[in-house]
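Numbering of ligands and ligand atoms starts at 1, following listing order. Values below: all heavy atoms of this structure, side chains included; hydrogens, waters and symmetry mates excluded.
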Amino acid sequence: MFGSIQEVKDKLTAQNYLINDNSATAVYLAVRLQKPLLIEGPAGVGKTELAKAAARALDTELIRLQCYEGLDESKALFEWNYQKQLLRIQANHLTDRTWEETKANIFSAEFYLARPLLKALQAEKPVVLLVDEIDKSDEEFESFLLEALSDYQISIPELGTVKATSIPVVILTSNNFRDFSDALKRRCIHLYIDYPSFARELAIVRLKVPGVNKVLAEKLVAFVQSLRKMVLKKSPSISETLDWARTLVLLGVETLDEEIVMNTVNILLKYQQDINKVADRIGGLLPE
Ligand SMILES: Nc1ncnc2c1ncn2[C@@H]1O[C@H](COP(=O)(O)OP(=O)(O)OP(=O)(O)O)[C@@H](O)[C@H]1O
Ligand SMILES: [Mg+2]
């Protein structure tokens with residue numbers, strides 16, 4: 001449990017996740033108010049990593065539900081273990097059990113496989129449930145999830161109502177592929193994570209790529225930050241900054257010049273049209 005906003009910051013920092021005040025406040029409130037945290041923001045700004053780091057910081061298990069188009073309740077909640085059911089049917093066939101008895105038998109707790117959502121609700125101690133990329137799931141799934149999260153219980157026809165043994169810390173992430181219903185937004189604490197400030201990005205680079213010297217780290221972060229001010233098809237995110245820093249260290253680069261940037265800019269930019277745009281003004285973008 002987090003006792004204060006400062007504790008959120010300290011414990012996440014201890015897990016190598018550097019968080020700003022705004023995000024730390026949202027995490028604190030979500031955990032204390034037992035509300036799901038809905039994180040939106042561009043790719044690679046640390047949405048998923050926040051959930052992972054929070055689980056480590058809270059010293060608990062992370063249960064991940066990766067969303068995709070067509071994800072349905074059974075994949076999220078539970079599935080009958082058909083193989084085991086079939087074996088039991090075969091075995092019962094050899095006895096004088098009636099079909100009614102067998103049916104009652106094979107649709108019981110012994111015969112299902114708990115999927116992430118049910119696992120999270122049935123865990124002995126509160127876990128972190130990461131519902132990753134919820135915008136990729138369908139709206140029907142969103143409403144189902146909403147219902148499950150609104151009172152932390154689920155009704156399953158064959159099993160009745162399953163109430164949470166412990167209330168999980170729920171973190172939902174989205175890349176803004178689609179808008180969410182007002183109901184979902186109302187239910188959650190909303191957090192938008194943007195690209196980091198220069199200071200925070202520099203700290204992340206120095207933490208995660210210890211081989212990079214201070215001056216080079218400052219220059220490469222300043223360069224990435226200036227790219228983000230341009231209109232690009234895809235701005236570089238923290239993951240690209242880290243990849244670039246590792247690349248430069250691997251190549252033994254001590255300082256940035258036009259040639260080295262041109263030869264490695266494909267690590268930062270993933271579209272040729274962006275690379276062309278930047279190539280024209282690389283000199284001007286490089287920090288002094
Ligand atoms: N605040 C941070 N402190 C430390 N590392 C960070 C931070 N934010 C991001 N990172 C690093 O950046 C990388 C990308 O983070 P992550 O995968 O969580 O992004 P994401 O927002 O989930 O992206 P996507 O939308 O593509 O799933 C990871 O390697 C992560 O460790
Ligand atoms: Mg992610």
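Of all heavy-atom pairs spanning Q15 and A57, the tightest one is CG-N, 3.8 Å. The shortest heavy-atom contact between D135 and T173 is OD1-O, 4.1 Å. Looking at every heavy atom in both residues, G41 comes nearest to Y192 through CA-CE1, 3.7 Å. Heavy atoms only, all atoms of each residue included: E201 and Q225 are closest at OE1-NE2, 2.8 Å.
Atom 30 (C) of ligand 1 has E49 CG, 3.8 Å as its closest protein atom, hydrogens excluded (heavy atom only). In terms of protein heavy atoms, atom 24 (P) of ligand 1 is closest to G44 N, 3.5 Å. Protein heavy atom closest to atom 1 (N) of ligand 1, with residue, atom name and distance, is L18 O, 2.7 Å. For atom 14 (C) of ligand 1, the nearest non-hydrogen atom of the protein is S239 OG, 3.5 Å. The nearest protein atom to atom 5 (N) of ligand 1, hydrogens excluded, is given as K208 NZ, 3.1 Å; this is a heavy-atom distance. For atom 2 (C) of ligand 1, the closest heavy atom belonging to the protein is I204 CD1, 3.4 Å. In terms of protein heavy-atom proximity, atom 29 (O) of ligand 1 is nearest to L242 CD1, 4.2 Å. For atom 19 (O) of ligand 1, the nearest non-hydrogen atom of the protein is G46 N, 3.1 Å.
Taking the side chain as every heavy atom from C-beta outward, E240 and K270 approach each other to under 4.5 Å. Side-chain contact between I19 and L50 is present, with at least one heavy-atom pair separated by less than 4.5 Å.
A salt bridge between R64 and E133 is absent, with no side-chain N of the basic residue lying under 4.0 Å from a carboxylate O of the acidic one.
Distance check on atom 9 (C) of ligand 1: some protein heavy atom falls below the 4.0 Å cut-off.
Side-chain polar atoms of K9 and N20 form no donor-acceptor pair below 3.5 angstrom.
Using a 4.0 angstrom heavy-atom cutoff, T173 does not count as in contact with ligand 1. At least one heavy atom of E133 sits less than 4.0 Å from an atom of ligand 1.
Judged purely by atom type and a 3.5 angstrom limit, R32 uses its side chain to pair as donor or acceptor with the backbone of F2.
Scanning for side-chain contact (heavy atoms from CB on, under 4.5 Å) contacts around Y68 gives L71, K75, with sequence neighbours left out.
Near R200, meaning under 4.0 Å from any of its heavy atoms, are these atoms of ligand 1: 1 (N). The distance from ligand 1 to the heavy atoms of N175 drops below 4.0 Å at these ligand atoms: 25 (O).
At a heavy-atom distance under 4.0 Å, only backbone atoms of N16 (N, CA, C or O) approach ligand 1.
By the 30° and 60° cut-offs, the orientation of the rings of Y112 relative to W80 is perpendicular.
Closest to atom 17 (O) of ligand 1 by heavy atom, among I39, L12, N20, T48, is T48.
At a cut-off of 2.8 Å, measuring from the Mg ion (ligand 2), the protein N, O or S atoms that fall short of it are T48 OG1, waters left aside.
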Apply salt bridge (Lys or Arg N to Asp or Glu O under 4.0 Å) to residues E61 and K119 and explain how you reach the verdict. CA-CA 11 Å; E61 193 188 344; K119 260 193 202 160; over 6 Å; no
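With respect to V253, the side chain to side chain contact (heavy atoms under 4.5 Å, CB included) criterion is satisfied by exactly one of T264, N213, L220, L248: L248.
On a distance-only criterion, I19 and ligand 1 share no N/O pair closer than 3.5 Å.
The cationic group of K234 does not satisfy the cation-pi geometry with Y271, failing either the under 6.0 Å distance to the six-membered ring centre or the 45° limit from the ring axis.
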